[in-house]
**Q** 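Please find one structure pasted underneath; my questions will follow.
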Amino acid sequence: MSSQRSVLVTGCSDGGLGAALALAFHAAGLKVYATARNRAKLSQCLSAGIETLILDVLSPESIQNAASKLPSLDILVNNAGAEYLMTLSDLNITEAKKIFDLNVWSYIEVTQVFLPLLLKSSYGGVVVNHTSLASTITVPFQGVYTASKAAIAKLSDTLRLELGALGITVVDMKTGLVRSNLIKNGQEAKPSRLPDTSLYIPAREVVEKALSQEMFVGLGTPPQVWANAVVKDLLKKKPPTIIYRGEQAWLGWVVGFLPFGVLDGTFKKLTGLDIVEKIMKVGR
């Protein structure tokens with residue numbers, strides 16, 4: 001067995017936060033396994049000399065196959081995820097279920113499969129779940145995404161207790177705004193457009209602008225700055241139970257102390273829902 005500490009990160013496609021984490025762990029001297037569904041999208045990690053594996057977190061066979069190739073594992077980072085933005089009254093339930101499969105259930109299944117390796121870690125196994133700032137705040141038009149992140153945050157807290165009894169540390173990574181390809185990927189995969197039957201058609205332009213998230217493009221902490229800070233946190237002798245990193249990540253901590261709904265006005269203005277309300281009132 002190698003004495004070099006090892007880490008596996010899911011969702012390491014080029015330009016994403018997973019790739020940034022893999023590069024930061026590599027720079028810190030760990031043996032890194034960077035994974036994604038498509039090897040062609042792992043060029044960032046490959047060029048840095050990082051070992052790459054094909055891993056589709058929605059395929060039980062793929063998860064088992066990846067785990068069988070590892071001699072040992074000390075840290076598992078469940079990072080793969082996606083967004084789905086839509087007004088809840090216009091939601092495509094099938095698409096919404098896919099988001100929960102990816103952002104919630106895949107984290108549990110991947111953890112289950114890699115747990116035997118983590119239990120053998122001489123460093124003490126660590127499971128890191130990327131729940132995001134979205135797990136703590138309420139943002140109009142992002143109900144499915146934020147709900148999926150809140151679900152995995154609660155499951156992570158349960159895992160913290162249950163796996164803690166087995167000597168495994170569980171960390172909730174509540175990332176704020178970081179420059180990445182998450183928004184771009186989401187729009188390329190399925191541009192957010194209101195159906196013609198939507199109740200919000202009178203305010204279509206405003207709502208679809210919010211669904212595109214164009215107001216966030218180019219904003220946030222540079223990915224490598226964020227990743228270096230996260231890795232430094234995770235490699236502490238006793239990692240924090242919750243890691244708040246990225247622009248405005250502090251909101252994830254503060255929101256628990258604020259009166260219910262106090263940030264509603266802020267997020268209405270941010271997403272244009274305040275304008276939507278005015279338009280809809282005129283139409284009634």
Side-chain angles (χ1 to χ4, degrees), residues 15-17 81-104 130-154 174-221 244 246-284:
L17 299 189
E83 290 186 314
Y84 172 44
L85 277 62
M86 183 53 62
T87 54
L88 292 182
S89 57
D90 298 308
L91 206 63
N92 181 309
I93 300 300
T94 298
E95 294 300 319
K97 287 180 178 180
K98 289 178 183 178
I99 291 300
F100 268 74
D101 284 342
L102 177 58
N103 291 359
V104 182
H130 203 167
T131 72
S132 164
L133 172 62
S135 67
T136 65
I137 59 177
T138 303
V139 185
F141 316 127
Q142 295 187 23
V144 170
Y145 175 66
T146 56
S148 70
K149 290 300 185 179
I152 193 57
K154 179 54 68 175
K174 294 189 186 298
T175 298
L177 195 58
V178 180
R179 295 173 210 165
S180 76
N181 56 10
L182 179 65
I183 295 174
K184 176 186 174 185
N185 288 347
Q187 288 301 309
E188 288 180 351
K190 191 175 181 63
S192 296
R193 298 286 185 269
L194 286 177
D196 293 336
T197 55
S198 174
L199 298 172
Y200 297 92
I201 287 300
R204 182 174 213 158
E205 184 178 349
V206 180
V207 174
E208 289 186 350
K209 181 179 179 180
L211 295 178
S212 74
Q213 293 188 287
E214 64 179 55
M215 70 286 288
F216 295 122
V217 175
L219 300 180
T221 304
Y244 298 99
E247 191 173 310
Q248 297 183 341
W250 56 271
L251 271 175
W253 180 80
V254 170
V255 73
F257 298 94
L258 296 175
F260 180 77
V262 73
L263 294 176
D264 286 358
T266 299
F267 286 111
K268 283 182 179 182
K269 290 180 181 178
L270 182 65
T271 60
L273 184 60
D274 57 334
I275 300 174
V276 173
E277 287 181 340
K278 292 177 181 178
I279 294 173
M280 300 307 292
K281 283 180 181 178
V282 171
R284 284 201 290 270

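Values in this document were obtained by computation on a predicted structure and should not be read as measured data. Start at 1 with the first residue, then count along the sequence.
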**Q** Rounded at 0.5 Å granularity, tell me how far CG in L211 sits from CG in L85.
**A**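 One gets 6.0 Å once the value is rounded to the nearest 0.5 Å.
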**Q** Say you draw a straight line from CG of N103 to NZ of K98; how long is it, rounded to the nearest 0.5 Å?
**A**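 Rounded to the nearest 0.5 Å, the CG-NZ separation comes to 13.5 Å.
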**Q** Can you name the salt bridge (Lys or Arg N to Asp or Glu O under 4.0 Å) partners of K154, sequence neighbours left out?
**A**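 For K154, no residue satisfies salt bridge (Lys or Arg N to Asp or Glu O under 4.0 Å) once neighbours in sequence are set aside.
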**Q** Between D90 and R193, is the closest basic N to carboxylate O distance under 4.0 Å?
**A**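 Not counted as a salt bridge, because no side-chain N and carboxylate O are separated by less than 4.0 Å.
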**Q** CZ/F141 to CD/E208 distance, rounded to the nearest 0.5 angstrom?
**A**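 Result: 11.0 Å between the selected atoms.
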**Q** Test of understanding: with side chain to side chain contact (heavy atoms under 4.5 Å, CB included), list the residues that count as partners of A151, not counting sequence neighbours.
**A**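 Listed in chain order: F100, V104.
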**Q** Would you list the pairs meeting side chain to side chain donor-acceptor pair (under 3.5 Å) in which at least one residue belongs to residues 260-276, sequence neighbours left out?
**A**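 For residues 260-276: K268-E277.
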**Q** Only counting residues at least two apart or in another chain, list the ones meeting salt bridge (Lys or Arg N to Asp or Glu O under 4.0 Å) with K97.
**A**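 None.
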**Q** Which residues satisfy the side chain to side chain donor-acceptor pair (under 3.5 Å) test with T221, sequence neighbours excluded?
**A**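 With neighbours one apart ignored, the set is empty.
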**Q** Would you give the length of the straight line joining atom CG of L17 to atom CZ of R179, rounded to the nearest 0.5 angstrom?
**A**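 It is 12.5 Å, given to the nearest 0.5 Å.
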**Q** Would you name the heavy atoms of T87 and L194 that are closest together and state the gap between them?
**A**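 In this case the closest contact between T87 and L194 is OG1-CD2, 3.9 Å.
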**Q** Side chains of K174 and S135: closer than 4.5 Å at any heavy-atom pair?
**A**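 Yes, close enough: below the 4.5 Å cut-off.
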**Q** Could you give all pairs that pass the salt bridge (charged side-chain N to carboxylate O under 4.0 Å, His left out) test and reach residues 246-257, with sequence neighbours left out?
**A**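 Counting only pairs at least two positions apart or across chains, no salt bridge (charged side-chain N to carboxylate O under 4.0 Å, His left out) contact touches residues 246-257.
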**Q** Sequence neighbours left out, what passes side chain to side chain donor-acceptor pair (under 3.5 Å) with T175? Give chain and number order.
**A**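 Only H130, W226 meet the side chain to side chain donor-acceptor pair (under 3.5 Å) criterion with T175.
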**Q** Does S132 have any side chain to side chain contact (heavy atoms under 4.5 Å, CB included) partners at least two apart in sequence or in another chain, and if so, which?
**A**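 Checked S132 against side chain to side chain contact (heavy atoms under 4.5 Å, CB included); matches are A134, Y145, K149.
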**Q** Just jot down the ring-ring contact (aromatic ring centres under 6.0 Å, His included) partners of F260, sequence neighbours excluded, or say none.
**A**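 Counting only residues at least two positions away or on another chain, F260 forms no ring-ring contact (aromatic ring centres under 6.0 Å, His included).
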**Q** Would you name the heavy atoms of E83 and I99 that are closest together and state the gap between them?
**A**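 The pair with the smallest heavy-atom distance is O-CD1, 3.6 Å.
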**Q** A side-chain contact here means heavy atoms from C-beta on lying under 4.5 Å apart; do M86 and E95 qualify?
**A**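 Contact flag for M86/E95 side chains = no.
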**Q** Can you see which heavy atom on G81 is nearest to which on L102, and at what distance?
**A**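 Heavy atoms only, the tightest pair is C-CD2, 3.7 Å.
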**Q** Check side chain to side chain contact (heavy atoms under 4.5 Å, CB included) between A96 and all other residues, then give those that pass, not counting sequence neighbours.
**A**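 A96 satisfies side chain to side chain contact (heavy atoms under 4.5 Å, CB included) with Y84, L91, V144 once adjacent residues are dropped.
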**Q** Looking at P202 and L199, what are the two nearest heavy atoms and their distance?
**A**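 Closest approach of P202 to L199, heavy atoms only: CD-O, 3.7 Å.
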**Q** Tell me, please, which residues at least two apart from V206 pass side chain to side chain contact (heavy atoms under 4.5 Å, CB included).
**A**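 V206 satisfies side chain to side chain contact (heavy atoms under 4.5 Å, CB included) with I275, V276, I279 only.
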**Q** When the side chains of residues 248-255 are checked against the rest of the protein, which donor-acceptor pairs come out under 3.5 Å, sequence neighbours left out?
**A**
none

